[in-house]
Number of protein chains: 2
Amino acid sequence: MSSSAEKYDVFQAVADPTRRKVLQLLAGGELPISAITSHFPMSRTAIAKHLHILSEAELVSGRKVGREKRFRLQPEPLNELKEWLSFYDRFWDNKLSILKHVVENPVKVKE
Amino acid sequence: MSSSAEKYDVFQAVADPTRRKVLQLLAGGELPISAITSHFPMSRTAIAKHLHILSEAELVSGRKVGREKRFRLQPEPLNELKEWLSFYDRFWDNKLSILKHVVENPVKVKE
DNA sequence: ATTATATAAAACCATTTGGTTTCATGTCAA
DNA sequence: TTGACATGAAACCAAATGGTTTTATATAAT
């Protein structure tokens with residue numbers, strides 16, 4: 001779905017440490033730009049640009065609420081990364097460790 | 001192990017489409033620079049630079065054989081990416097699909 | 001009505017990135 | 001030993017990246 005040729009793909013979006021930290025913050029819930037900015041040593045404008053890039057990659061979405069714009073995490077595109085990675089699984093037997101992870105983390109079935 | 005503060009981390013290394021294609025090529029086995037270059041519409045020098053970046057991220061290693069330098073895939077650092085991704089698993093119930101993958105792909109135990 | 005808040009948009013800037021061309025060096029083959 | 005092959009290294013370049021400051025606009029609060 002969504003549009004044609006975006007400028008930033010998931011790989012690029014996630015390459016920047018600031019953007020990764022933004023995603024992590026948003027994992028805790030929806031936040032307006034100012035609140036996000038307060039966690040970083042840079043200007044609101046800089047953070048707004050990062051959010052724009054994350055938006056293009058569809059890793060976040062923003063909605064206007066009053067005078068603020070609240071952003072939230074949209075993790076779906078990370079699946080592309082996951083699938084890319086899975087190709088390399090066979091090259092260093094780590095399937096056991098994946099299994100271990102799954103077993104140790106209870107699966108919550110969508111009810 | 002290896003050294004201190006590398007310039008390129010896995011996230012950056014993997015952000016470039018050319019470098020991802022290089023990794024894919026090397027998944028097929030060790031190759032010298034010229035052989036790799038033949039798959040791309042750019043100069044040998046450009047590819048050598050990409051290989052250097054992949055080297056810094058420890059995603060490839062090169063050994064000198066006669067007059068050529070052969071590179072091979074070192075997928076271990078991809079684990080960092082995988083772990084980073086796993087944090088976001090909880091945000092869109094896909095654990096079942098991981099389990100499915102593990103079950104469907106027989107685990108080869110290192111003998 | 002006025003002021004403070006929250007964002008948007010534009011112009012600007014230094015550094016990094018991804019490529020090039022050129023030149024030098026080591027190795028293999030005839 | 002002469003030439004072809006494979007790479008290394010350096011200088012250069014345009015465009016992209018990650019930041020800034022400034023100016024404008026909409027909303028909320030007093």
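Please read all numbers here as calculations on a predicted model, not as lab measurements. Numbered from 1 within each chain, the chains take letters A, B, ... in sequence-line order. Side chains included, hydrogens not; waters and symmetry mates left out as well; all remaining heavy atoms used.
B:A48 and B:I33 make their closest contact through CB-CD1, 4.5 Å (heavy atoms, listed as atom of the first residue, atom of the second, distance). Here the closest heavy-atom approach between residue A:V60 and residue A:L51 is recorded as CG2-O, 3.8 Å.
Within the 4.5 Å cutoff, side-chain heavy atoms of A:W84 are placed close to those of A:F11. In this structure, A:L59 and A:Q74 have side chains that are not in contact, with every pair of non-hydrogen atoms separated by 4.5 Å or more. In this structure, B:V14 and B:R19 have side chains that are not in contact, with every pair of non-hydrogen atoms separated by 4.5 Å or more.
Atom-to-atom, CD of B:E56 to P of C:dG18 comes out at 12 Å; the value is rounded to the nearest Å. For the pair A:K69 NZ and C:dA8 C1', the computed distance is 9 Å after rounding to whole Å. In this structure, the OH atom of B:Y8 is 11 Å from the C1' atom of C:dT15, given to the nearest Å.
Remark: A:R90 is not positioned above the aromatic ring of A:Y88, lacking an NZ or CZ atom under 6.0 angstrom from the ring centre and at most 45 degrees off the axis.
Here B:Q12 does not reach the OP1 or OP2 of C:dT16: none of its side-chain N or O atoms lies under 4.0 Å away.
Bounding nucleotides for the chain A contact on DNA chain D, 5' to 3', at a heavy-atom distance below 4.0 Å, are D:dT17 to D:dA28.
A salt bridge links A:E68 with A:R70: at least one charged nitrogen is closer than 4.0 Å to a carboxylate oxygen.
B:R19 comes within 4.0 angstrom of sugar-phosphate atoms only, judged by non-hydrogen atoms across all strands, and of no base.
Annotation for A:H52: atom NE2 does not count as buried by contact number, only 12 or fewer foreign heavy atoms lying within 6.0 Å.
Residues from residues 28-52 of chain B lying near DNA chain D, meaning a heavy-atom separation below 4.0 Å, are B:P32, B:I33, B:S34, B:R44, B:T45, B:K49 in numerical order.
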